[in-house]
Number of protein chains: 2
Amino acid sequence: MAKKTKAPTEKDCLAMMLSVRDALDVISGKWKILILISVIYGNKRFREIERSIPNISSKVLAKELKDLEDRQLIKRTVYDDSPVLVEYTATDYSNSVSEVIIALYNWGQNHRMKIMGKRR
Amino acid sequence: MAKKTKAPTEKDCLAMMLSVRDALDVISGKWKILILISVIYGNKRFREIERSIPNISSKVLAKELKDLEDRQLIKRTVYDDSPVLVEYTATDYSNSVSEVIIALYNWGQNHRMKIMGKRR
DNA sequence: CTGGATCCTTAGGGATACTG
DNA sequence: CAGTATCCCTAAGGATCCAG
């Protein structure tokens, strides 16, 4: 109703930052997104996920998985306990991250081409 | 022509990760995206940017700005040098990050509501 | 196989003060 | 105003080994 003659500035800028920072809190770090990708792509077992992500260590993976589970971005299910069978799966919530992942993917591809082309 | 009966798996997953990792290399960290937002929103001066971002220190800002400049994600222009006037502005390239920012923003908002609603 | 425990290194970043 | 210079501290992450 009311007209806001002003273009977006300080307040919008800050609001933008706050939400973005929330998002970054969750998905920032070297591994979280990669783990999400792996799980969304269908990897379920610990070693499977580990192998799918170059250079990740089991310690880091365990820690990040726990973190992601806490935030309900993945679901951990224990199926057995003789040789211990655990499965990690995506949740609706983790699927909602897809847009972010896609955006990162697109931009990253573009960026890669740019640096490949240019300097060095 | 050829049928690929298989759904995307390992190779696509890895390709996805590589590009995403490239993107993360550039924009990860606590501050880079926030700085980009600030500059894209029109803040140009060092102190202006500094004030627009809660809790950032001048040291960190200086470092990140330099980094972003190296990667051509912002442009630094010195206009004068009596009281020293410097302007940071967005580049086409930094504008291309907008999609990522929007995605983060949307998801972050959603996430914020989710945690607000739930636990604690 | 699924992780936990331990040790260690480094980069990120806060605080504060200072220079051109 | 636009940064630098220190100092210091913590968390992220690598390496390796070990336990259930």
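Each chain gets a letter, A, B and so on, in the order the sequences are listed, and its residues count up from 1.
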B:Leu61 CG to C:dA15 P, straight-line distance once rounded to whole Å: 15 Å
Looking at A:Lys66, I'd like to know whether one of its side-chain N or O atoms comes within less than 4.0 Å of OP1 or OP2 on C:dG4. yes
C:dG3, OP1 or OP2 - any side-chain N/O from A:Arg45 closer than 4.0 Å? no
Under 4.0 Å protein heavy-atom contact, by nucleotide of nucleotides 12-20 of chain D - B base, S sugar-phosphate only: -BBB-----
Atom-pair distance (CG on A:Leu85; C1' on C:dG3), nearest Å: 14 Å
May I have the distance from B:Ile33 (atom CD1) to C:dG12 (atom P), rounded to whole angstrom? 16 Å
Reckon B:Tyr88 has a side-chain N or O less than 4.0 Å from the OP1 or OP2 of D:dC1? no
Strictly below 4.0 Å: does B:Tyr79 bring a side-chain N or O up to OP1 or OP2 of D:dA2? no
State whether the side chain of A:Ser19 and the backbone N or O of A:Met16 hold a donor-acceptor pair below 3.5 Å, judged by distance alone. no
To the nearest Å, how far apart are B:Leu65 CG and D:dT4 P? 10 Å
Below 4.0 angstrom, N of the basic side chain to O of the carboxylate: do B:Asp25 and B:Arg21 qualify? no
Is the shortest side-chain N/O distance from B:Arg51 to OP1 or OP2 of D:dC1 below 4.0 Å? yes
Whole-Å distance separating the CD atom of A:Glu48 from the P atom of C:dC1: 11 Å
What ring-ring contact (aromatic ring centres under 6.0 Å, His included) pairs are there with at least one residue in residues 82-102 of chain A, not counting sequence neighbours? A:Tyr93-B:Trp107, A:Tyr93-B:His111
A:Phe46 CZ to C:dC1 C1': how many Å, rounded? 10 Å
Which atom pair, heavy atoms only, marks the closest approach of A:Asn43 to A:Ser38? ND2-OG, 2.8 Å
Show every donor-acceptor pair shorter than 3.5 Å between a side-chain atom in residues 55-65 of chain B and any protein atom, with sequence neighbours excluded, or say none if there are none.
{"from": "B:Ser57", "atom 1": "OG", "to": "B:Val60", "atom 2": "N", "distance (Å)": "3.2"}
{"from": "B:Glu64", "atom 1": "OE1", "to": "B:Lys32", "atom 2": "NZ", "distance (Å)": "3.4"}

B:Lys44 atom NZ is separated from D:dC1 atom P, nearest whole Å, by 17 Å
Is B:Gln109 atom CD crowded by more than 12 heavy atoms from other residues, nucleotides or ligands, each under 6.0 Å away? yes
For B:Ile35 and D:dA2, what is the distance between atoms CD1 and P respectively, to the nearest whole Å? 15 Å
Is atom CD of A:Glu99 surrounded by more than 12 heavy atoms (other residues, nucleotides or ligands) closer than 6.0 Å? no
